[in-house]
Structures are given as C-alpha cells and as structure tokens.
Amino acid sequence: MQKFSKLLCNTLKEVPNDAVIPSHQLMLRSGLVQKSGSGLYNLLPLGLRVIQKVENIIREELNKVGCQEINMSVVTPSELWKESFRWDELGDLMLKFTDRSGRESCVSPTNEEAVVDLFRKQVNSYKSLPLTLYQINTKFRDEIRPRFGLMRCREFVMKDAYSFHENKLCLDKTYDQIHSAYESIFKKMGLDFMVVEADAGAMGGSDSKTHEFQVIANSGEDEVVISKEANYAANIEKAMTQRQPLDFDESLDNLTEVSTPNQKTMEELSVFLNKPLHHLLKSLIYISVKGEKRDLVQVVLLGDDNLNEIKLKNHLSVDEIYPATDSELEKSGLVKGFIGPKGTPIKCFVDKSVSATSAYVVGANKQGCHFLNFIPDRDGKMSPVDLRLAKEGDLVNGATVSIKRGIEVGHIFQLGDKYTKLMSATILNSEGKSVAPLMGCYGIGVGRTAAAAIEQSHDEKGIIWPKAIAPYHISIIIAAKNNPEINQLAEDIATECEALGLECIIDDRDVGIGFKFNDYELIGFPSAIVLGKKWINDKEIEVKMRRSGETLTLTRDTISDRLLELIK
RNA sequence: CGGGGUGUGGCGCAGUCCGGUUAGCGCACCUGUUUUGGGUACAGGGGGUCGGAAGUUCGAAUCUUCUCACCCCGACCA
C-alpha cells in the first residue's frame with residue numbers, strides 16, 4: 001500500500017519560471033517530472049505511473065487489432081540510414097556519435113529503416129503479410145527548439161508502429177483498423193480529439209493517405225480547420241478552403257501608374273487608395289532551395305490573404321523555401337513594399353482565389369509606385385495554384401469553417417514502398433514474383449498525450465486526471481493525528497478498493513489538513529476520502545470528487561462499491 | 001540559426017544602475033514546542049566560492065572582456 005509519506009513527490013507552491021503552459025507548470029508543481037536538461041525530463045514515481053497507463057492503453061488497443069509488440073535498439077548504425085539517404089536528409093535532427101571502434105551511429109529519431117531491416121531479415125513471403133509491428137520506446141530528436149515540457153522534448157517516448165502489405169487494398173484495411181484503434185485509445189483516455197487530414201511532411205510519401213489525431217487545446221502548436229456541417233477537418237497546412245464570395249472590380253480601364261509614397265503595407269495602401277484589401281494583390285518573394293540550387297519565386301495573393309508555405313513548398317517540390325531577405329531582394333533589383341507581377345522575370349504563381357479577369361492594384365516594382373487596373377489575364381503571366389492559408393469563415397462545400405488549435409498526439413501515414421524499395425526489402429508474392437511490400441507507419445507521442453490530457457483537464461487548483469490515466473484513483477486523507485483506529489480504517493478501505501481495481505494512496509504525512517487537500521487537488525486524483533472528525537463523531541466517511549468538486553457522505557459498508565460507481 | 005531575455009542555496013525572488021561589514025528574504029528542508037478540517041504559530045538550525053574564466057581595483061554578486069547554460073518569439077515535429 002503506497003503511503004504518501006514515503007512517496008518521492010515534492011509539490012511546489014510556486015510556479016517554476018521556465019514553464020509557460022498549464023501542463024508543464026502542473027507537471028512540475030505536482031512532482032510528476034523533473035527537468036534534467038533542455039528538452040530532457042526525468043519521470044518521478046507519479047509521472048511514471050501516468051506514462052505507463054498511457055502505454056498500456058495503447059498496447060491493449062493495438063494488440064486487439066493484431067499488432068505485435070517488439071522492441072528495437074535505441075541506437076541504430078549509420079549504414080541503415082545511409083541506405084534511405086536520411087543520414088543526410090534528417091541532418092542535425094539526429095543525435096549522431098561515433099563509438100570507440102569508430103562506428104557512426106545515432107539515437108533513433110524514428111525507426112522506419114530499422115524496422116525494414118528487421119523485416120527483410122525475417123520475412124520472405126506474402127503469406128506472412130499483413131504484418132504490423134510496434135514498439136513503445138525512447139526516441140531522440142534534437143529539436144531546434146524544445147519547449148512546453150513533455151509536449152516538445154528532445155528525448156521522448158513514442159509508440160511507433162509499422163505495417164507491411166502485399167497491395168494497397170491490404171494497406172488501406174490495416175490503415176483503417178489502426179485509425180479506429182487510435183480512436184479507441186484516445187477515447188479511453190477521455191480526450192476531446194479530432195481526426196484531421198494532414199500534410200505528409202518530411203516523414204512520408206507525398207500522395208498517400210495521412211491523418212493526424214489532434215487534441216483540441218488552446219496551447220496547441222497546430223491549427224486545425226473544421227466544419228462540422230461539411231464533415232471536414234484538416235490541418236491548416238493542408239486545408240483547401242474557398243473564400244466567401246467576393247465583389248470583384250470588373251473595370252476594364254488601362255493599366256495606370258499611381259504614386260503611392262510610403263504605402264508599404266497592404267493595410268496602408270488600402271486606406272490610401274480607398275479600396276478594399278481584396279482589390280489589391282500582395283506579392284511575396286520566396287527563395288526555394290533544392291540541393292545546391294536556389295531560385296527566386298514570386299507569389300501573388302489577394303491583399304487580405306496569407307501564404308500557406310507548405311503548399312508552395314509542395315507545389316515546387318523543393319527541399320526548403322524561405323522568404324527572401326532584404327539583401328536578396330536588393331540583389332535582384334526588387335523594391336521592398338512595391339513588388340508586383342507586372343514585367344518581372346521571376347517565376348510567378350497566383351493564388352486561385354484571384355480572379356483572372358478582374359482589376360487589381362499591384363506593386364509597380366518601382367519605389368513609391370503602384371499600378372491600378374492590373375488584370376491578370378491581360379497584364380500578367382502567372383500560373384494559378386492553390387496557395388492561400390485557410391482562414392476563419394472560409395467555405396468548404398458551402399459550409400463555413402472555424403479554426404481551432406490542436407496538439408498533435410498521433411499521426412498515421414501510408415508510406416507506400418519508399419523504404420522497402422530504397423532498402424531492397426522484398427517478398428515473394430503469390431505469383432512467385434519478388435516485390436517490395438507497401439508500408440504504413442503510425443505514431444503516438446506518449447508523454448505528449450499525457451501533457452495534452454492535462455491541457456484539456458485542469459483548473460486553477462491543479463490537474464483533474466481522467467480515471468484511465470490518473471496516477472492513483474483515490475487519495476485517502478488522514479485528518480486525525482495519532483489515531484490508530486483511523487489509520488487502520490484507511491488501510492482497510494484501501495485494501496477493499498484495490499480489490500475492486502481502485503488504486504489508493506494513503507496521505508499519512510505529518511502536515512496540516514489544508515496542505516493535504518491542496519496537494520490532492522494539485523496532483524488531481526479523481527477523488528479523496530477524508531478520514532477525520534466525521535468518522536470519529538458520526539462514523540461517516542467524507543468523499544470528495546475532484547472534477548465536480550462535490551463532497552459526499554458515504555457509509556463504511558458501501559464505500560468501495562459507491563466509489564467504483566462514482567469514479568468515471 | 002536570427003531576434004529578445006535570464007543566470008544569486010531545491011523553488012520563487014531582492015541586491016547589480018552608483019563596487020565597500022559576515023550576501024539577504026519567502027517557500028521547501030532539519031530540531032523542539034504548538035496547532036490539527038483548507039498550505040497553523042513560535043524558537044532554533046543546515047545549506048550559496050552570486051553560471052564559468054580572465055581582467056580592472058586596496059576591495060567585485062556589482063565594472064570590462066570572453067565563455068557556458070537556460071528561457072521566450074520564428075523555421076522543425078509524436
């Protein structure tokens with residue numbers, strides 16, 4: 001039986017100054033974790049219990065759909081990564097080192113290569129497929145900027161699963177199974193989450209299915225575009241929405257230069273010319289990088305739209321893009337604040353929401369000047385592409401969308417045969433032909449999920465754990481000093497509750513009652529039993545419920561059964 | 001990497017501008033008494049070479065130079 005007096009758990013009254021979001025602050029204050037370095041955390045006993053519960057829920061649900069658990073070495077040799085070219089592609093994200101014999105290795109940031117290597121050494125026949133392997137293991141990504149405690153660490157625990165298939169149909173089936181297993185996992189943990197369409201990003205193929213599991217929370221680092229009516233949900237990186245209908249300027253007047261001294265922003269210009277923002281066009285200059293090659297790219301958007309950089313990057317299929325710096329603009333003879341699509345030699349893309357036949361105000365590529373009545377079809381040479389960043393109020397299938405912040409706790413991908421091909425992993429299919437199997441990969445951030453649960457479930461007093469991942473279910477608070485009867489009662493009730501699967505911790509610390517109450521609320525056990533006056537005087541037992549804050553009076557003979565009903 | 005900021009006991013801070021006793025306060029910790037239904041009160045106590053190095057000075061937490069670490073805003077992502 002766990003006694004609080006023996007538990008390594010020092011709660012903090014004050015907020016450590018480097019924690020800025022609730023989950024991070026509360027994890028530190030309630031003695032769940034301890035920081036050991038930038039993006040590095042030690043799990044203390046209570047924190048570890050939470051993490052283990054998350055892990056076990058994941059295990060249970062994945063095992064149900066036939067996934068097999070394995071454990072791969074955390075350190076992986078460079079050779080594997082070189083086969084997929086990711087040794088260089090992932091670059092500094094990987095923590096690389098050389099051991100005493102001069103072998104290069106890294107601490108795995110993900111395990112596609114390792115699992116393909118395992119697979120190719122173990123599996124030769126289509127008869128073994130489909131096969132889904134997973135592990136719950138430590139990963140290391142040398143994040144550019146670790147932050148928010150367990151939300152974005154460098155070293156973290158991730159559940160990563162990999163599936164292998166003979167054909168797309170089979171991959172789709174497993175993908176859907178994992179999709180629903182993920183829904184069960186996050187539902188079990190009591191999280192309010194959404195499944196959204198995602199961009200495949202750096203980790204996967206480009207035109208395969210991929211979804212993210214986003215926990216809706218204000219501190220989320222992602223933006224999610226949602227429309228319930230249209231049954232639409234997508235990461236903003238991917239979201240393709242339309243603008244509300246616009247009144248275009250249909251004038252056919254000739255292109256006219258107009259003096260616009262010092263009107264450098266869209267807003268200033270809009271006021272100066274007395275035209276709505278969407279009658280102006282915004283020109284952005286980006287540098288695209290592919291290998292050693294650097295190119296200038298011009299992007300033209302409606303004056304009140306913003307660029308979705310991911311869309312541009314995907315459209316160009318380049319390694320990286322970034323806004324041109326002032327000196328790069330100068331070098332190209334462009335005038336910051338007055339850039340426009342008229343007569344520039346730069347490759348130019350225009351967002352689809354710009355009407356090709358309507359008149360716009362554009363920069364004249366000349367200090368202090370703009371053009372009026374620029375009509376794209378007539379006056380420019382631009383290819384229309386969907387490039388704009390979705391925004392609140394846009395339309396999808398006629399329904400308006402809203403934008404919420406989300407924490408990406410899970411991501412599922414269809415990888416196709418990218419890795420099996422690169423690493424020559426083949427199987428014999430039913431026709432006796434050697435083929436590269438298709439793969440899916442599926443991740444869940446374990447620590448991040450625990451953090452997300454706190455983001456979503458806390459109040460000014462502390463954490464409010466959902467039952468499924470609470471470190472203990474009940475804190476039995478001893479509110480009487482040196483009272484053998486009460487002490488015994490606490491032990492008896494604890495034993496009884498544990499028999500029903502309710503985990504108890506007995507708060508037998510030699511501190512004031514207020515201290516115990518505050519810690520119970522801070523750590524956020526779902527309920528507390530208070531043994532003190534009420535028992536001594538009336539033989540009644542007081543029970544507090546953390547989420548509702550209500551206080552109940554129960555009797556000794558029904559207490560454990562009642563608690564089993566009450567703690568949900 | 002670019003921009004901003006902070007380093008003083010486990011945590012939160014004052015002191016730094018304007019150098020000068022033995023570096024201070026709150027929380028936490030230890031001892032004793034007290035209190036015991038919402039962080040009780042009192043008394044005593046332990047713990048810091050002021051991130052590090054070099055320099056200026058009779059004298060440096062304080063000034064100078066260099067360095068390291070950490071945090072916040074952006075690019076990365078489970």
Side-chain angles (χ1 to χ4, degrees), chain A residues 10-21 24-25 28-29 31 34-40 54 58 90-94 109-111 136-161 182 198-204 212-215 220-222 235 237 289 309-310 313 320-323 325 407-413 441-452 461 477-483 486 509-522 528 530-537 542 544 551:
Chain A
N10 297 303
T11 55
L12 264 39
K13 201 190 268 188
E14 284 167 301
V15 184
N17 113 46
D18 54 5
V20 293
I21 60 166
H24 189 196
Q25 295 176 339
L28 290 170
R29 286 187 56 211
Q34 184 193 51
K35 182 170 149 164
S36 70
S38 180
L40 305 172
V54 173
I58 294 171
L90 292 176
D92 291 337
L93 180 78
M94 291 204 272
T110 173
N111 271 326
I136 298 175
N137 210 345
T138 296
K139 300 281 179 296
F140 191 97
R141 293 184 188 171
D142 199 356
E143 293 284 346
I144 294 161
R145 188 150 103 81
R147 60 179 145 181
F148 298 160
L150 291 203
M151 198 81 98
R152 174 173 228 80
C153 325
R154 296 195 297 160
E155 182 179 314
F156 58 102
V157 172
M158 177 165 100
K159 185 286 300 173
D160 48 325
Y182 270 36
D199 181 75
M203 302 297 281
E212 289 168 350
F213 288 72
Q214 295 275 0
V215 166
E221 296 181 274
D222 286 1
N235 191 307
E237 293 175 347
V289 183
E309 296 189 354
I310 307 276
K313 185 182 155 196
E320 204 191 321
I321 58 162
Y322 64 92
T325 60
I407 301 165
E408 184 190 359
V409 290
H411 201 154
I412 56 180
F413 287 99
C441 80
Y442 319 90
I444 293 180
V446 174
R448 182 182 284 184
T449 301
K461 290 173 176 169
I477 296 176
I478 298 199
K481 196 149 197 179
N482 294 326
N483 184 321
I486 294 274
R509 292 175 299 171
D510 186 21
V511 295
I513 182 72
F515 202 102
K516 295 186 184 185
F517 283 144
N518 282 321
D519 274 356
Y520 143 69
E521 284 159 342
L522 173 61
V530 189
L531 300 178
K533 264 200 258 179
K534 210 152 202 163
W535 174 262
I536 295 166
N537 298 336
E542 180 180 327
K544 286 174 177 289
T551 301

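Each chain gets a letter, A, B and so on, in the order its sequence line appears, and its residues count up from 1.
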Rounded distance in Å - CG (A:L12) to P (B:G12): 8 Å

Side-chain (A:R141) to main-chain (A:R154) donor-acceptor, under 3.5 angstrom: no

By salt bridge (Lys or Arg N to Asp or Glu O under 4.0 Å) - contacts of A:R145 (at least two apart): none

P-based separation of B:C70 from B:G12 [nearest Å]: 15 Å

Salt bridge (Lys or Arg N to Asp or Glu O under 4.0 Å) against A:R152, all qualifying residues, sequence neighbours excluded: A:E143, A:E221

Face-to-face contact A:F517 to B:G37 six-ring, under 5.5 Å, under 30°: no

Assigned partner base of B:A43, Watson-Crick or wobble definition, under 3.5 Å: B:U31

Sugar-phosphate, base or nothing in reach of A:K534, heavy atoms under 4.0 Å: base

Among B:A78, B:G37, B:C76, the nucleotide that comes nearest once only the side chain of A:A479 is considered: B:G37

Sugar-phosphate only, base, or nothing, as touched by A:I144 at under 4.0 Å among non-hydrogen atoms: base

Counterpart base for B:C50, defined by Watson-Crick or G-U wobble contacts under 3.5 Å: none

Euclidean distance for P, B:C50 against B:G7 (whole angstrom): 15 Å

Between C1' of B:G38 and OH of A:Y520, the distance in whole Å: 13 Å

Same-atom distance (P) from B:A43 to B:C27, integer angstrom: 12 Å

Assigned partner base of B:G74, Watson-Crick or wobble definition, under 3.5 Å: B:C1

Between B:U16 and B:G24 - C1' atom distance, rounded Å: 14 Å

Between B:U64 and B:A28 - C1' atom distance, rounded Å: 38 Å

Rounded distance in Å between the C1' positions of B:G47 and B:A23: 14 Å

Sugar-phosphate only, base, or nothing, as touched by A:E320 at under 4.0 Å among non-hydrogen atoms: nothing

For B:G19, the Watson-Crick or wobble counterpart (both distances under 3.5 Å): none

Any donor-acceptor pair under 3.5 Å from A:E408 side chain to A:Q214 backbone: no

Pair partner, B:A61 [Watson-Crick or wobble, under 3.5 Å]: none

Anything under 3.5 Å between a protein N or O and an N or O of nucleotides 25-29 of chain B, put it in a table, one pair a line.
| residue | atom | partner | partner atom | Å |
| --- | --- | --- | --- | --- |
| B:G26 | N2 | A:E14 | OE1 | 2.7 |

Main-chain N/O of A:I478 paired to A:K516 side chain as donor or acceptor, under 3.5 Å: yes

Between B:G74 (P) and A:D222 (CG): distance, integer Å: 13 Å

C1'-based separation of B:G9 from B:G26 [nearest Å]: 13 Å

Separation of B:A75 P from A:E143 CD (nearest whole Å): 13 Å

Qualifying residues under side chain to side chain contact (heavy atoms under 4.5 Å, CB included), relative to A:T551, sequence neighbours excluded: A:E542, A:K544

Sidechain-backbone polar pair: A:Q25 side chain, A:A19 backbone, donor-acceptor under 3.5 Å: yes

All salt bridge (Lys or Arg N to Asp or Glu O under 4.0 Å) counterparts of A:E320, not counting sequence neighbours: none

Partners passing side chain to side chain contact (heavy atoms under 4.5 Å, CB included) against A:N17 (at least two apart in sequence or in another chain): none

Nearest-Å distance for atom pair CZ/P, residues A:R509 and B:U35: 22 Å

Contact nearer the 5' end of RNA chain B, comparing A:E542 with A:V15: A:V15

Results of salt bridge (Lys or Arg N to Asp or Glu O under 4.0 Å) for A:R29 - residues two or more places apart only: none

Sugar-phosphate, base or nothing in reach of A:V446, heavy atoms under 4.0 Å: nothing

Residue list, side chain to side chain contact (heavy atoms under 4.5 Å, CB included) with A:N518, at least two apart or on another chain: A:E521

Whole angstrom value for the distance that separates P of B:A78 from CG of A:D142: 16 Å

hbond_proxy A:K544 side chain to B:G37 base (donor-acceptor, 3.5 Å cutoff): no

Atom pair distance, as rounded to whole Å: CD in A:E155 and C1' in B:C77: 16 Å

Of A:E309 and A:R29, the one whose closest RNA chain B nucleotide lies more 5': A:R29

Main-chain N/O of A:Y442 paired with A:K159 side-chain donor or acceptor, under 3.5 Å: yes

Rounded distance in Å between the P positions of B:A75 and B:C17: 39 Å

Selected nucleotide, minimal atom distance to A:K533 side chain, candidates B:G37, B:G38, B:G12: B:G37

B:G7 pairs with, by Watson-Crick or G-U criteria that keep both distances under 3.5 Å: B:C68

Pairwise N/O distances under 3.5 Å, protein to nucleotides 69-72 of chain B:
| residue | atom | partner | partner atom | Å |
| --- | --- | --- | --- | --- |
| B:C70 | O3' | A:K35 | NZ | 2.7 |
| B:C71 | OP1 | A:K35 | NZ | 2.9 |
| B:C71 | OP2 | A:S38 | OG | 2.9 |
| B:C72 | OP2 | A:R145 | NH1 | 3.4 |

Sugar-phosphate, base or nothing in reach of A:E521, heavy atoms under 4.0 Å: base

Value in whole Å for how far the C1' atom of B:U36 lies from CD1 of A:I513: 8 Å

Touch class at under 4.0 angstrom, heavy-atom based, for A:G410 against every strand present: sugar-phosphate

